[in-house]
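Remarks on the structure that follows.
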Protein chains: 2
Amino acid sequence: MQTAAEIRLDRVFQALSDSTRRSILRRISRRELTVSEIAGPYDLTFAAVSKHLKVLEQASLIDRRKDGSFQMISLNPEAMKSADQWLRFYHQFWTARLESLKSLLEDKEKP
Amino acid sequence: MQTAAEIRLDRVFQALSDSTRRSILRRISRRELTVSEIAGPYDLTFAAVSKHLKVLEQASLIDRRKDGSFQMISLNPEAMKSADQWLRFYHQFWTARLESLKSLLEDKEKP
DNA sequence: TCTGCATTCAACCAAACAGTTGAATGTTGG
DNA sequence: CCAACATTCAACTGTTTGGTTGAATGCAGA
């Protein structure tokens with residue numbers, strides 16, 4: 001069974017698995033941008049960028065606001081929180097590993 | 001250009017975008033498991049599970065250790081750290097949003 | 001109203017993905 | 001050695017992904 005929460009998380013991680021999309025998120029975190037502004041730096045067609053935005057939207061990572069014939073795209077950080085919370089569980093594992101490495105080094109120093 | 005770091009991050013997020021794989025990670029975080037033990041609860045062939053493990057391995061999320069004819073699979077949390085660090089940048093955005101929501105509510109309370 | 005700009009839709013394509021089945025490759029206990 | 005077990009490989013399938021092109025839609029200014 002796939003719970004709704006799992007499906008949401010699937011979508012978030014999937015959306016984040018493309019570096020173009022991560023780069024878009026980074027740029028709109030500074031200020032909201034139009035689709036054309038977003039497309040600017042990439043060597044991609046508008047349609048391709050439009051699809052990336054749809055992926056981000058379906059993962060609830062962005063919001064859209066209509067401003068005349070433009071569309072203002074902005075960051076919606078809520079969905080990232082769920083990804084972050086999923087990862088938070090594993091903090092203990094990498095800090096634990098770091099600790100045991102540290103104590104290993106300390107043991108070496110004591111003759 | 002795709003830097004090596006970006007490709008690594010792509011792979012980590014991609015590996016995490018499947019709930020079966022996330023479930024595998026969660027289970028091996030308790031203790032290392034054999035491939036068969038991992039496969040047990042899922043309604044999947046061994047080959048399918050083997051493929052999931054390969055995806056996790058290529059994302060450097062797991063380690064394998066040979067023990068006779070068994071293979072012990074364990075968590076390698078290092079790669080998650082990079083995903084976590086990527087997300088850490090966005091903490092400010094969801095906490096900021098939370099703060100502004102809070103102050104909005106507080107303003108309402110003041111007549 | 002016509003033109004031009006911003007954006008999306010539809011159809012298509014190649015590559016990647018998630019799964020299957022069945023055969024192949026270790027490894028080990030008797 | 002060989003039978004049984006653990007795991008992977010190869011080949012195949014249907015679906016998704018990331019991209020393209022060209023047409024369609026929607027809005028705004030002259």
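Worth saying up front: this structure is predicted, and the values here are computed from it rather than measured. Only heavy atoms go into these numbers, but all of them, side chains included; no hydrogens, no water, no symmetry mates.
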Can you tell me if [X] touches the phosphate of [N], counting only side-chain N or O atoms and a distance under 4.0 Å to OP1 or OP2?
X: A:Arg64; N: C:dT8; result: yes
X: A:Gln71; N: D:dG26; result: no
X: A:Ser69; N: C:dC5; result: no
X: B:Lys54; N: D:dT7; result: no
X: A:Lys66; N: D:dG26; result: no

For A:Lys81, is there an ion pair with A:Glu78 - N to carboxylate O distance below 4.0 angstrom?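 Yes, this pair counts.
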
Should the pair B:Arg88-A:Asp84 be classified as a salt bridge under the 4.0 Å nitrogen-to-oxygen rule?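 No, this pair does not count.
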
Please give, in whole Å, the distance from [N] [atom2] to [X] [atom1]?
X: A:Leu16; N: D:dG18; atom1: CG; atom2: P; value: 12 Å
X: B:Ile73; N: D:dT8; atom1: CD1; atom2: C1'; value: 12 Å
X: A:Asp67; N: D:dA28; atom1: CG; atom2: C1'; value: 12 Å
X: A:Phe13; N: D:dT16; atom1: CZ; atom2: C1'; value: 20 Å
X: B:Ile38; N: D:dT8; atom1: CD1; atom2: P; value: 9 Å
X: A:Leu56; N: D:dG18; atom1: CG; atom2: P; value: 10 Å
X: A:Glu57; N: C:dT8; atom1: CD; atom2: P; value: 9 Å
X: A:Leu53; N: C:dA6; atom1: CG; atom2: P; value: 15 Å

Starting at the 5' end of DNA chain D, which residue's closest nucleotide do you reach first, B:Val49 or A:Val49?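 Between the two, 5'-proximity favours B:Val49.
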
Should B:Gln92 and A:Pro77 count as side-chain neighbours, where that means a heavy-atom distance under 4.5 Å?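 No, every pair of side-chain atoms sits at 4.5 Å or beyond.
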
Given D:dT7, C:dT8, C:dT7, which nucleotide is nearest the side-chain atoms of A:Thr34?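 When the side chain of A:Thr34 is considered, C:dT7 is the closest of D:dT7, C:dT8, C:dT7.
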
Does atom OH of B:Tyr42 have more than 12 heavy-atom neighbours from other groups under 6.0 Å away?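 For B:Tyr42, atom OH is crowded (more than 12 foreign heavy atoms under 6.0 Å).
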
Tell me the closest heavy-atom pair linking B:Ala59 and B:Val12, and the distance in Å.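 Minimum heavy-atom contact is O-CG2, 3.7 Å.
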
Judged by atom type as modelled, is there a donor-acceptor pair below 3.5 Å linking the side chain of A:Arg21 to the main-chain atoms of A:His52?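 It does not hold such a pair.
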
With no hydrogens and no angle check, do the side chains of A:Gln2 and A:Asp10 hold a donor and an acceptor under 3.5 Å apart?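 A:Gln2 vs A:Asp10: donor-acceptor pair found between side chains.
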
What pairs of nitrogen or oxygen atoms, one from the protein and one from nucleotides 17-21 of chain C, lie under 3.5 Å apart?
| unit_1 | atom_1 | unit_2 | atom_2 | d |
| --- | --- | --- | --- | --- |
| C:dA18 | OP1 | B:Arg21 | NH2 | 3.2 |
| C:dA18 | OP2 | B:Arg21 | NH1 | 3.4 |
| C:dG19 | OP2 | B:His52 | NE2 | 2.4 |
| C:dG19 | N7 | B:Lys51 | NZ | 3.0 |
| C:dG19 | O6 | B:Lys51 | NZ | 2.3 |
| C:dT20 | OP2 | B:Thr45 | N | 3.1 |
| C:dT20 | OP2 | B:Thr45 | OG1 | 2.8 |

